[in-house]
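Input: a single structure, listed below in structure tokens.
Keep in mind that this is a model prediction, so the values were computed, not measured. Each chain gets a letter, A, B and so on, in the order its sequence line appears, and its residues count up from 1. Below, all heavy atoms of this structure are taken into account, side chains as well, without hydrogens, waters or symmetry copies.
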Protein chains: 2
Amino acid sequence: MNVKQFAERVGLSPHTIRYYDKLGLLGEVRRGPNGHRYFSERDLEWIGFVHRLRDTGMPVEQMLEYARLRAEGDTTMAARQAVLECHAEALDAHIRQQQAHLDNLTRKIAWYRQQLAGKTGS
Amino acid sequence: MNVKQFAERVGLSPHTIRYYDKLGLLGEVRRGPNGHRYFSERDLEWIGFVHRLRDTGMPVEQMLEYARLRAEGDTTMAARQAVLECHAEALDAHIRQQQAHLDNLTRKIAWYRQQLAGKTGS
DNA sequence: TCTTGACTGAGAGTTCACTCCAAGGCGTAG
DNA sequence: CTACGCCTTGGAGTGAACTCTCAGTCAAGA
């Protein structure tokens, strides 16, 4: 499939796809005889993974590191695992933090609710 | 307390404090006769709240709206509650999403673990 | 008196991750 | 033949949220 279709299926803009490709995030992208990029289902899987990492706040730089390791083949599996474990840990901490903030916020909202109920009731 | 001490206690840089003040996020900040800002414990509480909102991804623009409502007094409590409820909802969605991503990631890590265990074992 | 270390405001610079533009090349439909 | 709708590239522009620089002021201490 071409860039547009690919972008659509993955939920990114064609601009972003080309941008990621330029960075080297997509590895070896096949090209047609006219120079156009051509994406496969496997590319779809990979960019989906990349997209998820991005969504969880991994910096582009670190994703690039992972991509480079992946390109090197099976010998780098342990390193890749380490990167993911590190990220998973950070993500877990982030989620806990956000949850704590949400709890806090919920209490504040409850307080507002009480205040307003009191006003209405009097 | 002065800007530096205030910044330290809240976990932001003095630059950021001045920046927030310039935006109008801090409301009426008291000044000494030399023009220096002077912060109280109550300011500390407020900026702590602001800081938490920021941490949960609320755009500065929206925090500003909340700050303006707060400055208007008790008549805006319902509006403020609405802002917070809206944000809480978004935050909850965000947390769920991140948790889903984390689960995904955890599975991938488990897969790596299995692969590597297999290699070592053979 | 001079240095140090705080403060001030205006405004320029930085970082990140896109996002877009200009100029041009193919391939098909009218 | 021409218009359309894809695609290509390098490089410029954008927006958010800081972050810093500069030039100047003030107060305390050696």
Can you tell me if the side-chain N/O atoms of [X] get under 4.0 Å from OP1 or OP2 in [N]?
X: Arg54(B); N: dC18(D); value: yes
X: Arg37(B); N: dT8(C); value: yes
X: Asn2(A); N: dC6(D); value: no
X: Arg18(A); N: dT9(D); value: no

Measure [atom1]/[X] against [atom2]/[N] and give the value in whole Å, please.
X: Phe39(B); N: dA6(C); atom1: CZ; atom2: C1'; answer: 14 Å
X: Arg31(B); N: dT25(D); atom1: CZ; atom2: P; answer: 17 Å
X: Leu53(B); N: dA17(D); atom1: CG; atom2: C1'; answer: 16 Å
X: Ile17(A); N: dT8(D); atom1: CD1; atom2: C1'; answer: 16 Å
X: Lys4(B); N: dC7(C); atom1: NZ; atom2: C1'; answer: 11 Å
X: Leu23(A); N: dG10(D); atom1: CG; atom2: C1'; answer: 14 Å
X: Leu25(B); N: dA17(D); atom1: CG; atom2: P; answer: 10 Å
X: Asn34(B); N: dA28(D); atom1: CG; atom2: P; answer: 10 Å

Assess whether atom [atom1] of [X] is packed by more than 12 heavy atoms of other residues, nucleotides or ligands within 6.0 Å.
X: Arg31(B); atom1: CZ; result: yes
X: Gln62(A); atom1: CD; result: yes
X: Gln97(A); atom1: CD; result: yes

Side chain of [X], heavy atoms from C-beta onward: which of [options] has the nearest atom to it?
X: His36(A); options: dC18(D), dC7(D), dA17(C); value: dC7(D)
X: Thr16(B); options: dC18(D), dG11(C), dA17(D); value: dC18(D)
X: Val3(B); options: dA17(D), dC20(C), dT8(C); value: dT8(C)
X: Tyr19(B); options: dA17(D), dC7(C), dT19(C); value: dA17(D)

Using a heavy-atom cut-off of under 4.0 Å over every strand shown, decide if [X] touches base, sugar-phosphate, or nothing.
X: Tyr20(A); value: sugar-phosphate
X: Pro59(B); value: sugar-phosphate
X: Lys22(B); value: base

Handout entry: Pair His87(A) + His101(B): ring centers closer than 6.0 Å
Key = no

Problem - side-chain hydrogen bond (donor to acceptor under 3.5 Å, both in side chains) partners for Tyr20(B), two or more places apart - result: none

Practice task
On the 0 to 90° scale, with breaks at 30° and 60°, tag the Tyr112(B)-Tyr66(A) ring pair as parallel, tilted or perpendicular.
Solution key: perpendicular

Practice task
Using the rule that two of Ile, Leu, Val, Met, Phe, Trp, Tyr join whenever any of their side-chain heavy atoms come within less than 4.5 Å, decide whether Tyr38(B) and Tyr19(B) are in one cluster.
Solution key: no

Exercise for the section: Estimate the overall bend of the helix from dT1(C)-dA30(D) to dG30(C)-dC1(D) from the end axes over five pairs each, rounded to 10 degrees. Expected result: 30°

Practice task
Could you tell me whether Arg96(A) and Asp92(A) make a salt bridge, using a distance below 4.0 angstrom between a side-chain N and a carboxylate O?
Solution key: yes

